[in-house]
Amino acid sequence: MTFRTRFSPAPTGFLHVGSARSALFCWLAARHDDGEVLLRVEDTNAELYRPEYLDNLRWTLDWLGLEFDGETLFQSRRADRYREVIQHLVDSGRAYGCDCTTEVVKERTKGSGYDGHCRDRGLVPGPGVAARFRVPDDGATEFDDIVRGHVRFEHSAIDDFVVQRADGSAVFFVPNAVDDLDTEITHVVRGDDLLNTTPKVLLIRRALPGGDEFPEPTYAHLPMIVNEARKKLSKRRDDVAVEDYRDRGYLPEAMSNYLAVLGWGPPDGIEIRPREEIVQLFRLEDVVSSSAFFDKQKLDHFNAQYLRQLSPAAVIDAAQTWLPPELGPELNALAPHIQERARTLQEFGEMAAFLVGDEVKIDESSWAKGVEKLSAAAGILDSATKAYSEAAWVPETLHTVTQTIAEEHGLGLSKAQSPIRVAVTGRTVGPPLFESLVALGRDRTLSRIAAARTRLG
RNA sequence: GCCCCCAUCGUCCAGUGGCCUAGGACAUCACCCUUUCAAGGUGGGAACACGGGUUCGAAUCCCGUUGGGGGUGCCA
């Protein structure tokens, strides 16, 4: 029996980072074991059946570099199979009709779940009547989980649950059980939030005709990814969509690498490494059981590392959407310097922005700190104008010349370069000044210094 | 309420009864380097939730407490 798992997201319009991590771990486990990962779209609910949702899912997974084996399975296309299974459940007495609405049940039991009200009313599931699974009164459902160990749920604590809605559609427990059986899934790797649904799925599977013809899958419930409040990432207050990260200039390799070390760690402690190595090292047995905080600072660090590993040409290429369209070849020589300072492609674009246009937008606090505060600023700007008009336009010469200006004003180069930097780049921080000046060109450097001088009065 | 899960530095991982005066990484602080900012280098601070057992010996095993999370939908 070969290793076969599946990633089965409900299409919601965006890929949640928690789901992405599940997808990654499924993929890693499969590749490590030389097995297969299937993609299964859990769109049993009519609201989830939208083409654009699917497109989003597809490209996001693709962006992360996760390719799946075989055909994608759509639960929305297997309604007949589920209906047939549910019919069997009803015929064999494992499920029964129920017409209690959610509100009625809530009212009757004071919110403590379903009370088995329709168990013996003999209702036939159909339009307006849902089907509920009859959970045994005694006993328990148990299973082994690779990361949780042995888990046991007493049947007395599980309410009879709906398997078919009043509109005839199947509730996800059924497709889940049926599809895992039909596609001969050997390992189920998913989020911890689904741990409680496992006994229900197993109950159904064990009641299915042929339910024992293939060994039950081994489960691996992954720890949740949480926010600073230790709650699971919510769409409202957290950045949960992986597309958000792509849009902010994170590299898929960095994102994927970071996700891999959330809930798992390589034995040698080396976290940033090629995915092939992670595939080799990854074992579901080593996944930790406690929830993990999604640390953006650490993600930034990973991304910065990956950014620096790229060739300057590759970074420029990757950063296209964050770069001003008017930007030309002047960026080339400066790219290596910016690349070393940017943590994201977005930051890369921001740091290159000063190269565009004749004028530069001055950051006010930089102006106050780097220019106004320095009494020698005007003198330095004047000296620079003079010296830069004649100097050879290469970093070394500009460095020497500026050093001289600094000395003339009795300052260190560190202090003296600041008004020039603000005048030319608009900010007190940025890539090395002299390389920046060379990239910008003599004319624009001079005109920007002149503009700053004018403003200074 | 009931059920399930979790518990080592601020954070993510090491640690699977003695190698732990608990290791690495991110973050943080200091110093070095330095044209700003980064990067890099060096060093510092920082954790086994608590209480009982078991054992010659416990971060590691067991029980309890506390704390946190998840579930308890005709969402998945």
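Side chains included, hydrogens not; waters and symmetry mates left out as well; all remaining heavy atoms used. Letters A, B, ... are given to chains in the order of the sequence lines, protein chains preceding strands, and every chain is numbered from 1.
- Checking the phosphate oxygens (OP1, OP2) of B:A76, no side-chain nitrogen or oxygen of A:R40 falls inside 4.0 Å.
- Backbone-only engagement by A:R148 is indicated by non-hydrogen atom pairs under 4.0 Å involving sugar-phosphate atoms exclusively.
- Judged by Watson-Crick or G-U wobble contacts below 3.5 Å, the nucleotide B:C74 has no partner.
- For the segment residues 254-262 of chain A, the set of residues with a heavy atom within less than 4.0 Å of an atom of RNA chain B comprises A:V261, A:L262, in numerical order.
- Across all strands, A:P266 comes closer than 4.0 Å to no nucleic acid atom at all (heavy-atom distances).
- Residue A:R132 is classed as a sugar-phosphate contact, given heavy-atom separations below 4.0 Å to backbone atoms only.
- If you take CG on A:L28 and CZ on A:R275, they are separated by 7.5 Å, rounding to the nearest 0.5 Å.
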Side-chain polar contacts of residues 11-18 of chain A - donor-acceptor pairs under 3.5 angstrom, sequence neighbours left out - could you list them?
residue	atom	partner	partner atom	Å
A:T12	OG1	A:F14	O	3.1
A:H16	ND1	A:G18	N	2.8
A:H16	NE2	A:L233	O	3.3

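- When the shell of 6.0 Å around CZ of A:R343 is examined, it contains 12 or fewer heavy atoms from other residues, nucleotides or ligands.
- A:I270 comes within 4.0 angstrom of no nucleic acid atom, judged by non-hydrogen atoms across all strands.
- Here A:D43 lies out of heavy-atom contact (under 4.0 Å) with every strand.
- Formation of a donor-acceptor pair under 3.5 Å by the A:D167 side chain with backbone atoms of A:P127 is not found in this model.
- Taking the P atoms as reference points, B:G67 lies 25 Å from B:G73, given to the whole Å.
- Nucleotides B:U55 and B:C12 are separated by 33 Å at their C1' atoms, to the nearest Å.
- Base engagement by A:H399 is indicated by at least one non-hydrogen atom pair under 4.0 Å involving a base atom.
- In this structure, A:F434 reaches the bases: a heavy-atom distance under 4.0 Å links it to at least one base atom across the strands shown.
- Within residues 15-25 of chain A, no residue has any heavy atom closer than 4.0 Å to RNA chain B.
- Between A:K231 and B:G69 there is a side-chain N or O to OP1 or OP2 distance below 4.0 Å.
- With hydrogens and angles ignored, a donor-acceptor pair closer than 3.5 Å exists between the side chain of A:N196 and the base of B:G70.
- Using a 4.0 Å heavy-atom cutoff across all strands shown, A:K232 reaches sugar-phosphate atoms only and no base atom.
- Among the nucleotides B:C5, B:U35, B:C26, the one closest to the side chain of A:K298 is B:C26.
- For A:T44 and B:C75, the shortest distance from a side-chain N or O to OP1 or OP2 is not below 4.0 Å.
- The side chain of A:R341 lies closest to B:C37 when the candidates are B:U35, B:C37, B:A76.
- With both pairing distances under 3.5 Å, B:C48 is matched to nothing as a Watson-Crick or G-U wobble pair.
- Both A:P432 and A:C98 lie close to RNA chain B; mapped to their nearest nucleotides by heavy-atom distance, the more 5′-ward contact belongs to A:P432.
- A:E271 comes within 4.0 angstrom of a nucleotide base, judged by non-hydrogen atoms across all strands.
- Pair assignment for B:U55 gives none, since no Watson-Crick or G-U wobble pairing has each distance under 3.5 Å.
- Taking atom C1' in both B:A58 and B:G51, one finds a spacing of 15 Å when rounded to whole Å.
- Remark: the separation of the C1' atoms in B:A7 and B:C13 is 15 Å, to the nearest Å.
- Of the side-chain N and O atoms in A:T428, none sit less than 4.0 angstrom from OP1 or OP2 of B:U36.
- Closest to the A:T102 side chain, of the nucleotides B:C74, B:G68, B:G70, is B:C74.
- Among the protein residues, A:G370 comes within range of no part of the nucleic acid, since none of its heavy atoms lies under 4.0 Å from any strand.
- Which of B:U36, B:A76, B:U11 sits closest to the side chain of A:T197 comes down to B:A76.
- A:E340 comes within 4.0 angstrom of a base, heavy atoms only.
- A distance-only check finds no donor-acceptor pair linking the side chain of A:T425 to the backbone of A:V422 [under 3.5 Å].
- Side chain of A:F172, nearest nucleotide from B:A76, B:C4, B:C26: B:A76.
- Dashed line: the shortest gap from a side-chain N or O of A:R190 to OP1 or OP2 of B:A76 is not under 4.0 Å.
- A sub-4.0 Å separation between OP1 or OP2 of B:C4 and a side-chain N or O of A:R152 is absent.
- The two atoms that bring A:S234 and A:D238 nearest to each other are N-OD2, 2.8 Å, heavy atoms only.
- For the pair A:V287 and A:S414, nearest-nucleotide mapping onto RNA chain B gives the more 5' position to A:V287.
- Considering only the side chain of A:R308, B:G40 comes nearest among B:C13, B:C26, B:G40.
- The residue A:A130 sits close to a base: some heavy atom pair falls under 4.0 Å.
- No contact: A:Q339 has no heavy atom under 4.0 Å from any strand.
- Residue A:V163 is out of contact with every strand shown, counting any heavy-atom pair closer than 4.0 Å.
- Between the P atom of B:G73 and the CD1 atom of A:I158 lies a distance of 12 Å, rounded to the nearest Å.
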